[in-house]
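Because only heavy atoms are used, hydrogens play no part in the values below, and waters and symmetry mates are left out as well, while side chains stay in. Just so you know, ligand 1 is whichever comes first in the structure, and atom 1 is the first atom listed for that ligand.
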Amino acid sequence: MTAHLPSWQKDLAAGFSNPEALLQYLKLDFKAYSAQARDDFSMRVPLSYAACMQKGEPSDPLLMQVLPIADELNNPVDFQDDPVGDLAAITENCIIHKYQGRVLLIITGGCAINCRFCFRRNFPYANVQLNTQKEGIALNYIRGNSTIHEVILSGGDPLLLSDQRLKALLQKLSSIAHIKRIRIHTRLPIVLSTRVTTELIRILNNLPIPVIMVMHCNHAHELSEQVITACLALKQPNITLLNQSVLLKGINDNAQVLQALSEKLFTTGVLPYYLHLLDKAKGTAHFEMSQIKAIKLHQKLQQVLPGYLVPKLVKEQQGEVAKTLII
Ligand SMILES: *Cc1c(COP(=O)(O)O)cnc(C)c1O
Ligand code: SF4
């Protein structure tokens, strides 16, 4: 059977899920992880992502994003399961309608990579993700509300859907008269670039309404030649490429690293969009950077980069009508 799977699905299945195997591959002490943290939130790392890590470097910025460690077991009270109030905002079991004109559709709970800092790491996906039944209900909700102009496919990673299922969904959404744009929030072009198939590009580029793809890349080391080639192939007339990053202590919390990221994104055909302050999800406290330091860092970026390469520094706050700009 697997012979008939698209090659990206084979790459997905071949990733590291055992921390010891990953550490051995990187020539690091195989005990440098926490089994308990792994049990709380499993490890998932595509081979192509691991290949971008430096061998023998325990504080590699890519490794730190994916390795389960004991720090995750520290639980300050202000770090919670649903830090941004998504659950309260869910309608029809799979739609988050918090902001005017935009709805977020939870397509799948799965991701190709499990980022340790993920704000949805404790999210009860099984109850909310889209299935065929819910898809009909979601489409009715969107059809019935003409104030909605943009549908955001999110997750998990929406690009884990097969080309066929994605195409069917996108065609239904784009046939709704008041939907003017479709947005896809995905980390797959960065962490599993074989997902960017010729067919995917064709589907997105041929839709009757524009597609905005918002990638998630946190460090220039994630932009390998393979990733750059995939992103440049996605750069089509109907597709706008943007990036969002999360500010992560010890990983990208300095101006040179963020400057290098913005500059490399530009040569990859992608413009920086948002730089998020960490959402306070349980298990992620060790990644937090103070807001004061974040503001200083952002000011430094404004000094060294052209304006179009400076991402907006934002934070998601429960109950707000938009992301909060930090200045
Ligand atoms: C971030 C987010 C959006 C999109 O916000 P933009 O500022 O348009 O990028 C939409 N809905 C939800 C629930 C979000 O969290
Ligand atoms: S790819 Fe995005 S949704 Fe998936 S684990 Fe990483 S941060 Fe979370």
Side-chain angles (χ1 to χ4, degrees), residues 12 15 17 40-46 49 62 64-68 72 82-91 94-123 125 128-129 142 147-160 180-193 195 212-219 222 240 242-248 251-252 271-279 281-284 287 311-326:
L12 181 67
S17 54
D40 285 354
F41 182 49
S42 61
M43 191 189 88
R44 231 181 137 99
V45 186
Y49 191 77
L62 277 52
M64 287 174 72
Q65 294 182 53
V66 296
L67 187 70
E72 294 174 30
D82 180 21
V84 299
D86 273 349
L87 277 182
I90 285 184
T91 354
C94 57
I95 289 183
I96 304 183
H97 192 177
K98 272 200 215 172
Y99 300 157
Q100 207 176 314
R102 291 148 288 171
V103 289
L104 191 146
L105 210 51
I106 304 219
I107 300 294
T108 167
C111 284
I113 188 166
N114 281 353
C115 309
R116 308 314 298 178
F117 51 84
C118 180
F119 77 104
R120 294 205 183 117
R121 57 177 282 165
N122 315 304
F123 208 69
Y125 277 124
V128 291
Q129 76 188 20
I142 296 166
T147 68
I148 302 169
H149 299 306
E150 179 168 343
V151 178
I152 303 172
L153 309 190
S154 184
D157 205 307
L159 288 188
L160 284 183
K180 297 179 183 144
R181 297 174 296 275
I182 290 180
R183 202 188 316 178
I184 302 179
H185 280 182
T186 176
R187 191 145 155 73
L188 283 200
I190 306 297
V191 303
L192 193 83
S193 60
R195 176 64 188 97
I212 301 99
M213 191 179 275
V214 183
M215 328 244 179
H216 174 181
C217 176
N218 294 318
H219 197 286
E222 293 175 10
T240 299
L242 302 173
N243 182 65
Q244 50 185 342
S245 308
V246 183
L247 201 46
L248 298 163
I251 293 173
N252 60 11
L271 286 177
Y273 177 43
Y274 279 150
L275 178 61
H276 294 267
L277 290 189
L278 184 77
D279 293 319
K282 206 186 214 168
T284 68
F287 289 117
K312 292 184 181 122
L313 182 63
V314 291
K315 153 161 109 172
E316 174 86 12
Q317 272 177 313
Q318 196 160 349
E320 291 296 327
V321 295
K323 310 249 185 273
T324 307
L325 270 178
I326 311 289

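- What you find for A112 and V191 is that their closest heavy atoms are CB-CG2, 4.1 Å.
- A pairwise comparison of heavy atoms in H185 and P158 identifies O-CD, 3.1 Å as the closest pair.
- A donor atom on one side chain and an acceptor atom on the other are found under 3.5 Å apart for R120 and S154.
- One N or O on the side chain of R44 and one on the backbone of C111 form a donor-acceptor pair closer than 3.5 Å.
- Under a 4.0 Å N-O distance rule, the pair E150/R102 does not qualify as a salt bridge.
- Less than 2.8 Å away from atom 6 (Fe) of ligand 2, the protein contributes these N/O/S atoms: C115 SG.
- With no hydrogens or angles considered, a side-chain donor-acceptor pair links Q244 and H276 at under 3.5 Å.
- Within the 3.5 Å criterion, the main-chain N or O of M215 finds no donor-acceptor partner in the side chain of T186.
- Of the residues listed (M43, H216, R187), the one engaging I113 in a side-chain contact (heavy atoms from CB on, under 4.5 Å) is R187, and it is the only one.
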Which N/O atoms of ligand 1 sit under 3.5 Å from a protein N/O, and at what distances?
{"from": "ligand 1", "atom 1": "7 (O)", "to": "Y274", "atom 2": "OH", "distance (Å)": "2.6"}
{"from": "ligand 1", "atom 1": "8 (O)", "to": "R102", "atom 2": "NH1", "distance (Å)": "2.7"}
{"from": "ligand 1", "atom 1": "8 (O)", "to": "R183", "atom 2": "NH2", "distance (Å)": "2.7"}
{"from": "ligand 1", "atom 1": "9 (O)", "to": "R183", "atom 2": "NH1", "distance (Å)": "2.8"}
{"from": "ligand 1", "atom 1": "9 (O)", "to": "R183", "atom 2": "NH2", "distance (Å)": "3.4"}
{"from": "ligand 1", "atom 1": "9 (O)", "to": "Y273", "atom 2": "OH", "distance (Å)": "2.7"}
{"from": "ligand 1", "atom 1": "15 (O)", "to": "K323", "atom 2": "NZ", "distance (Å)": "2.9"}

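- Checked by atom type and distance alone, the side chain of D279 never pairs as donor or acceptor with a backbone atom of F119 at under 3.5 Å.
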